[in-house]
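To keep things clear, I will list the structure first and then write my remarks on it.
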Amino acid sequence: MDQSKLQAILEALLAASDKPLSVNQLQELFTGDIDLPGKDEIRQAIAELQQKYTGGGFELKQVASGFRLQVRAEFESWVARLWEQKPPRYSRALMETLALIAYRQPITRGEIEEIRGVSLSTNIIRTLQERDWVRPLGHKEVPGRPTLYGTTREFLDYFNLKSLNELPTLSEIRDIDQYNPEFEFNDEPEVVAS
Amino acid sequence: MDQSKLQAILEALLAASDKPLSVNQLQELFTGDIDLPGKDEIRQAIAELQQKYTGGGFELKQVASGFRLQVRAEFESWVARLWEQKPPRYSRALMETLALIAYRQPITRGEIEEIRGVSLSTNIIRTLQERDWVRPLGHKEVPGRPTLYGTTREFLDYFNLKSLNELPTLSEIRDIDQYNPEFEFNDEPEVVAS
Amino acid sequence: MHEEFTNRASNQSELPFALVQGEPLTLIPQDLYIPPDALLVFLEAFEGPLDLLLYLIKRQNIDILNIPIAAITKQYMEYIHLMKELQLELAAEYLVMAAMLAEIKSRMLLPRPVADDDEDDPRAELVRRLQEYEQFKQAAEDLDALDRLEREIHLTSIDIPKLEIDVPLPEVSLNDLMSAFRDVVNRAEQFASHHIEREPLSVRERMVIVLERISAEKFTNFTDFFDPAEGRMGVVVSFVAILELLRESLIELVQSEPYAPIYVKARS
């Protein structure tokens, strides 16, 4: 593989990945290709990329677990304005997916799609994993070996729950519904710390 | 603000944003700065950035709702290895419905059913709305006041398009009296050209 | 032209449906001799009567503007019978189309006044609909072939260093979560086929615990999952969780001989 193509592929990988990538990990991503680049070639290409980003809006940084592209700190005052206006909200699709994972774990993406009757975009589960609320538990031993998902300790912490048992059951939710159409709890309002 | 600093800030903003940014939105992010860049300056800097990314791993693409940094499609086979999840696949029924809404908007569900010759499952419209590709535009003033559907900017963004004009052109429809067989015999059967 | 056309139309039913290199094409589709399972998949792949008709026409390279109605109707009906035999759920639209084809066929047999315009070709409406459907069938394929997010297009994910910028994350309350669950269950229950049985949550939680343990250890003693300190309910919950995991083929139980210890392991 010529050096400029290798450099472009590495740039694509580093830009797309949401986690830092080590030289080993990067090399593994070429597995199966005819010309597997050597580690030195990869290091060389990374050095060239670092050079290339000089003076730009982001840089290629080495952190403990590998390399990652990150916005240069000097531009943070502009970048911060991106979120100043409106507080972000999760989509209904994401909330329902989270609820199904919480209540029906372990569950596969296909099962979620079947219950919801619509196909699920890949970034929903990714967002939930990035938030550390959802994690893969293993694979279901059916054709395709789909990943099984469940909730995390952080999920319970966020919602102030000691265990999943504390999640109200469906009939309890419906009871609450009847008494209180606006869906607010009578006794203690659950104030969720962010 | 000098052009190279503007370019670096724009690069930082586009890199940090998870949504496409329009020239207007980009300009607003400079509000309060002493030297507010003009729209033309921003456009100019964007063009330079696009130039700069030539031959690299990602590109600065203009879609319906603005500019976004995206990995070049040619490196998709490497980037796909980063994720375990496969991209969602959509049924023919869904894609045909989406095509009809995209090309014939505003269109009612009944009109879609008429052209496809089959009834439309509610799940399809729901999936299309949940993906934010399709939205109700109003009601058709005929008995029953059926909902009229159209596509959204998110639909164009998703399919990497700047406007509906970029959709592939429809094949042409011929009228039956345009039929002009290659061979005409008075008494003999039609020979079907293969 | 008009005379020729009338002549052609009135003769239609007697004509072989097509001649290919001088040989009449048989009416029974040769490709029907395929295994029933594959056939089922094949038949289910049609998006409706227009799609099926288009397939029949395209397969034989017939010009859509000059459909041999008698022959196509016969083939169409063969597929309909086949679908009925295979007990495929036959949408009403297929039968409506069958009636439409029969009507066109009978009108083709009637001699039409010579002065008639081509517009009165009984096939005109069908041909228009077929072409219109074909147009969007193609458009759907073209749309599907475009580069798109999640497939060919990936957005860049460039980190923002955690300095003073605190990228806000959406806030979610337990109420939000519960109402999302209620909504999805309510909706799923509208479709009779998806019945969500109510299962005590503790069982689900225990299922996850069991799965975690067996992924860490190769073989886990069955009895290790029962902690008497949890009381009778705890034991029952563990037991039900293991049964449920077995039912979902996520785990298996291994016992080397009768009365030997039972081990739980991940299904492989």
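Keep in mind that this is a model prediction, so the values were computed, not measured. Chain naming here is simple, since letters A, B, ... match the order of the sequence lines and numbering starts at 1 in each.
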Practice task
Could you look at C/A145 and say if it's the side chain, the backbone, both or neither that has a heavy atom under 4.5 Å from chain B?
Solution key: neither

Problem - Distance-minimising heavy-atom pair for B/E114 and C/R129 - result: O-NH2, 3.5 Å

Practice task
Side chain from CB out, backbone as N, CA, C, O: work out which of these in B/L82 comes under 4.5 Å of a heavy atom of chain C, or both, or neither.
Solution key: neither

Exercise for the section: Find the distance between CZ (C/F136) and CD1 (B/I101) and round it off to the nearest 0.5 Å. Expected result: 11.0 Å

Exercise for the section: Kindly give the heavy-atom pair with the smallest separation between C/I153 and B/R68, and that separation in Å. Expected result: CG2-NH2, 4.0 Å

Completion exercise
Of the listed B/L100, B/L14, B/L98, B/V79, the one with the largest count of heavy-atom pairs under 4.5 Å with chain C is B/L100

Practice task
Drop me the distance from B/F58's CZ to C/H154's NE2, to the nearest 0.5 angstrom.
Solution key: 15.5 Å

Problem - Rounded distance (nearest 0.5 Å) linking atom CG of C/D51 with atom CD of B/E96 - result: 6.5 Å

Completion exercise
Comparing B/R72, B/E76, B/E172, B/K86 against chain C, the one with the most heavy-atom pairs below 4.5 Å turns out to be B/E76

Practice task
Could you check B/K61 against C/D147 for salt bridge (charged side-chain N to carboxylate O under 4.0 Å, His left out), going step by step and ending with a plain yes or no?
Solution key: CA-CA 12 Å; B/K61 169 92 184 169; C/D147 283 351; over 6 Å; no

Completion exercise
On a heavy-atom basis, the closest approach of C/L143 and B/L167 is CD1-CD2, 3.7 Å

Completion exercise
Interatomic distance, CD1@B/I115 vs CD@C/E132, rounded to 0.5 Å, equals 4.0 Å

Practice task
Tell me, yes or no, whether the heavy-atom count around B/K162 atom NZ, taken from other residues, nucleotides or ligands under 6.0 Å, exceeds 12.
Solution key: no

Problem - Heavy atoms from other residues, nucleotides or ligands near NZ of C/K137 exceed 12 (cutoff 6.0 Å) - result: yes

Exercise for the section: Would you check if the side chain of C/Q131 reaches a backbone N or O of B/R174 as a donor-acceptor pair within less than 3.5 Å? Expected result: yes

Handout entry: Leading residue by heavy atom contact count with chain C [cutoff under 4.5 Å; candidates B/P88, B/A80, B/A102]
Key = B/P88

Handout entry: B/Q51 atom CD: more than 12 heavy-atom contacts under 6.0 Å
Key = no

Problem - Euclidean distance, B/R92 CZ relative to C/E141 CD, rounded to 0.5 Å - result: 7.0 Å

Practice task
Compare all side-chain heavy atoms of C/P49 with those of B/V118 and state whether any distance is below 4.5 angstrom.
Solution key: yes

Problem - Flag side-chain contact, heavy atom, 4.5 Å: B/R116 against C/L50 - result: no

Problem - Side chain proximity check, B/E166 to C/L146, heavy atoms < 4.5 angstrom - result: no

Problem - Approximate separation, where rounding is to 0.5 Å, of C/E47 CD and B/T97 OG1 - result: 8.0 Å

Exercise for the section: Answer whether the closest heavy-atom distance between the side chains of B/S171 and C/E134 falls below 4.5 Å. Expected result: no

Practice task
For C/L65 and B/D175, work out which heavy atoms get closest and say how close.
Solution key: CD1-O, 3.5 Å

Handout entry: chain C contact via B/S119 - side chain, backbone, both or neither, heavy atoms under 4.5 Å
Key = both

